[in-house]
Amino acid sequence: MSAAAVAVLRDTQRILLIEDNPGDARLVQLMLDEGGEGGFSFSHVGRLADAWGPIRNGLIDCALVDLSLPDADGLEGVDQLTELAPDLPLIVLTGRDDLDLAIAALQRGAQDYLLKGRVDSGLLSRAVRYAVERKHAEVALAHQAMHDALTDLPNRALFLDRLSQALAGTRRRASTLAVLFVDVDRFKVVNDSLGHVEGDRALVTLSKRIARVLRPGDTVARFGGDEFTVLCCELVDPSECIAITERLLEVIRQPIDLNGAQVVLTARIGIALGNDAVAAPETLIRNVDAAMYRAKEGGRAGWLVFDDEMHKRAVERLETEVQLRRSVAAGSFLLDFQPILHCDARRPAGYEALVRWEHPQRGIVAPDNFIPLAEETGLIDEIGSWVLREACAESMRWASGHGGEPPFVSVNVSGRQLSGSALLTVVAETLAETGLPPGRLWLEITESALFHDVDSTGLTLHALRSCGVKLAVDDFGTGYTSLGNLKRFPVDVIKIDRSFVSELGRSAQDAAIITAIVTLAHDLGLVVTAEGVETEEQRRILCELGCDYLQGFHLGRPGPVRP
Ligand code: C2E
Ligand code: MG
Ligand code: MG
């Protein structure tokens with residue numbers, strides 16, 4: 001915490017009385033002398049203008065201010081004091097017996113008020129101590145709200161605030177500023193291998209090193225987990241920020257001693273320059289984020305400056321985002337259904353629901369081209385809920401059209417949906433609304449989403465499963481999961497990725513992998529579906545290898561099927 005936030009409560013409170021009536025001033029001094037037992041030192045000025053000197057020099061712990069001064073009447077004095085000395089505890093004195101005025105003073109930032117003529121020394125000294133403590137608590141809270149608890153660096157909110165102020169400054173002074181976005185490479189490895197305590201220590205070390213490289217007046221903030229942002233103001237030449245960037249990369253690379261291990265971390269830095277032309281802080285943050293991602297993709301230098309090409313792509317992305325938002329509001333999505341057949345059956349046992357976006361200009365857009373954006377922007381929650389409702393309702397419609405059991409319907413769920421508890425509610429509501437038996441709903445989660453955040457997804461999965469819903473691991477074999485790991489998750493179905501299927505008949509290895517997956521899955525009591533079956537030969541082999549269900553163009557393409 002900064003010095004301001006933890007300023008120690010002194011034994012002797014230095015009181016400044018701002019009061020033009022010498023008689024009243026004398027009275028206050030007497031009361032303080034009597035009540036304080038040496039706990040107060042007292043000074044007195046008759047005009048607000050004379051108060052600034054001692055306040056600015058940090059000589060005052062608490063101000064008592066009269067509400068009718070020759071150079072400030074009523075609340076004016078309070079307003080000026082709270083503006084120019086926001087951290088100074090303030091008590092107003094009013095002789096007018098005017099409670100409304102006193103309360104207005106509290107609302108404008110004073111800590112307490114005293115009515116002249118109704119004060120005694122005990123009341124006065126208690127009021128002072130209380131005002132000082134209360135102000136300290138307020139300052140500490142305000143500090144907490146604007147700083148990161150681990151590193152005590154400014155947090156995202158404070159950084160954005162400083163950035164918008166600095167941008168306004170460039171307009172006045174016609175100067176340039178730079179925002180650097182520092183992302184530590186593979187920081188997760190440190191956390192996973194050495195534990196969070198050491199991970200936290202590494203972040204603190206990095207934050208200190210970064211702060212040391214900066215010039216006075218620059219700001220470094222912790223933006224998120226292993227992300228730092230730096231604001232360099234008033235650059236004479238934009239190339240100055242490259243020099244700072246190079247030095248940052250260098251200090252980050254110095255080994256860090258973590259529990260005896262010498263850990264070497266590297267980072268990527270995105271840079272965006274800001275001036276009059278880029279007015280909004282959000283734009284600048286978006287630009288610098290894009291630059292950082294590009295720096296991560298390639299770029300041996302470890303840093304990259306946001307340029308026009310990136311700008312073009314950022315604009316495109318923004319346009320797509322805007323359009324996607326509109327489409328979510330308008331409900332411009334479709335579902336295709338692709339049949340899933342049991343190995344020795346001719347009729348589908350169920351269907352996978354696959355979402356499509358009806359774009360007003362681009363026509364039907366495939367999910368791979370908008371789901372990632374929907375995930376990033378959070379729109380996936382709404383799209384996902386719609387898909388779920390529509391899919392369950394469709395399955396019930398088939399059932400009522402044909403009599404008998406509804407087919408199962410398999411719905412893709414993205415990792416982001418799993419990390420909150422909203423999915424659980426939506427699933428429960430949807431089942432209740434549509435009347436679909438829970439066992440007829442399968443939820444597909446890709447292998448990578450499943451293992452991305454084991455702790456948080458695990459809970460949701462267990463809860464979903466106890467509703468009776470079936471869980472499937474999608475695209476199995478493309479992630480890094482060892483087969484044995486599957487035991488840790490409450491899943492029912494494994495969908496073997498189509499990349500293994502496509503080589504069947506040509507690659508003995510893929511047949512061996514599929515055999516291994518099927519054997520283990522069956523041992524664990526799981527059901528196996530093979531995706532991407534395109535030929536009769538593949539179908540035959542997969543059945544021989546013991547797969548339970550098949551899905552692919554050979555058996556039926558996705559479409560608006562009404563069986
Ligand atoms: P997925 O879950 O693996 O879905 C199967 C994809 O493979 C579908 O592509 C399907 O059209 C395609 N496919 C099926 N059979 C064959 C075949 O025999 N050969 C080949 N080459 N491809 C086949 P689609 O519809 O473009 O969906 C792509 C991905 O988008 C899906 O992969 C899924 O991960 C995601 N997705 C689709 N709908 C949703 C949704 O509602 N929510 C979420 N979160 N993701 C979705
Ligand atoms: Mg799927
Ligand atoms: Mg799949």
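In listed order, ligands and their atoms are each counted from 1.
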### Task
Return yes or no for this condition: an N or O of I380 is under 3.5 Å from an N or O of ligand 1.
no

### Query
Less than 4.5 Å apart, any side-chain heavy atom of F159 and any of V179?
yes

### Query
Backbone or side chain, does any N or O of E352 fall under 3.5 Å from an N or O of ligand 1?
yes

#### Entry: Ring centres under 6.0 angstrom apart (W303, F181)
no

### CD/Q262: more than 12 non-hydrogen atoms of other groups inside 6.0 Å
yes

### Task
Drop me the distance from L471's CG to L441's CG, to the nearest 0.5 angstrom.
9.0 Å

### Task
Heavy-atom distances under 4.0 Å are what count here, so tell me which part of K495 touches ligand 1: side chain, backbone, both or neither.
neither

### Query
So which of the N, O or S atoms of D474 lies nearest the Mg ion (ligand 2)?
OD2

### Sub-4.0 Å heavy-atom approach of R356 to ligand 1
yes

### Task
Check each heavy atom of Q338 against ligand 1 and say whether those closer than 4.0 Å belong to the side chain, the backbone, both or neither.
side chain

### Message
By the definition side-chain contact (heavy atoms from CB on, under 4.5 Å), identify the one residue from V473, D474, T478, D497 that meets it with T446.
### Response
D474

### Query
For the atom pair OG (S395) and CD (E405), what is the distance rounded to the nearest 0.5 Å?
9.5 Å

### Message
Between D148 and T151, do the side chains contain a donor N or O and an acceptor N or O under 3.5 Å apart?
### Response
yes

### Task
Pick whichever of R498, R557, Q538 has a heavy atom sitting closest to atom 6 (C) of ligand 1.
R498

### Task
May I ask you to list the atoms of ligand 1 that are less than 4.0 angstrom from any heavy atom of D368?
28 (C), 29 (C), 30 (O)

### Summary
The answer for which part of L354 has a heavy atom under 4.0 Å from ligand 1 is both

### Message
Under 4.0 Å, counting heavy atoms only: does G384 come that close to any atom of ligand 1?
### Response
no

### Query
Which bit of V355 is near ligand 1, meaning a heavy atom under 4.0 Å away: side chain, backbone, both or neither?
both

### Summary
Looking at E444, the N/O/S atom that lies nearest to the Mg ion (ligand 2) is called OE1

### Query
Are the side chains of V413 and E444 in touch, meaning some heavy atoms are under 4.5 Å apart?
no

#### Entry: Residue of the set E352, R557, Q551 for which side chain to side chain donor-acceptor pair (under 3.5 Å) holds with Q338
Q551

#### Entry: the Mg ion (ligand 2) - name of the N/O/S atom of E352 that sits closest to it
OE2

### Query
Do the non-hydrogen side-chain atoms of D492 and R465 ever get within less than 4.5 Å of each other?
yes

### Query
N/O of P558 under 3.5 Å from N/O of ligand 1, yes or no?
no

### Query
Can an N or O of Q417 be found at a distance shorter than 3.5 Å from an N or O of ligand 1?
no

### Task
Check whether NZ of the Lys or CZ of the Arg R440 lies under 6.0 Å from the centre of the six-membered ring of F408 and within 45 degrees of that ring's axis.
no

### Pair F337 and W398, ring centroids less than 6.0 Å apart
yes

### Message
Counting only heavy atoms, tell me which of P367, A353, G415 gets closest to atom 24 (P) of ligand 1.
### Response
P367

### Message
Taking 2.8 Å as the cut-off, does N412 contribute an N, O or S atom near the Mg ion (ligand 2), distance below it?
### Response
yes

### Query
Is the shortest distance from a heavy atom of E531 to ligand 1 less than 4.0 Å?
yes

### Message
Among E537, R539, E536, E534, exactly one meets side chain to side chain donor-acceptor pair (under 3.5 Å) together with H554. Which residue is that?
### Response
E536

### Query
Does any N/O atom on E534 come nearer than 3.5 Å to any N/O atom on ligand 1?
yes

### Query
Quick check: does D475 get an N/O under 3.5 Å from an N/O on ligand 1?
yes

### Query
Looking at E444, which atoms of ligand 1 are within less than 4.0 Å of one of its heavy atoms?
2 (O)

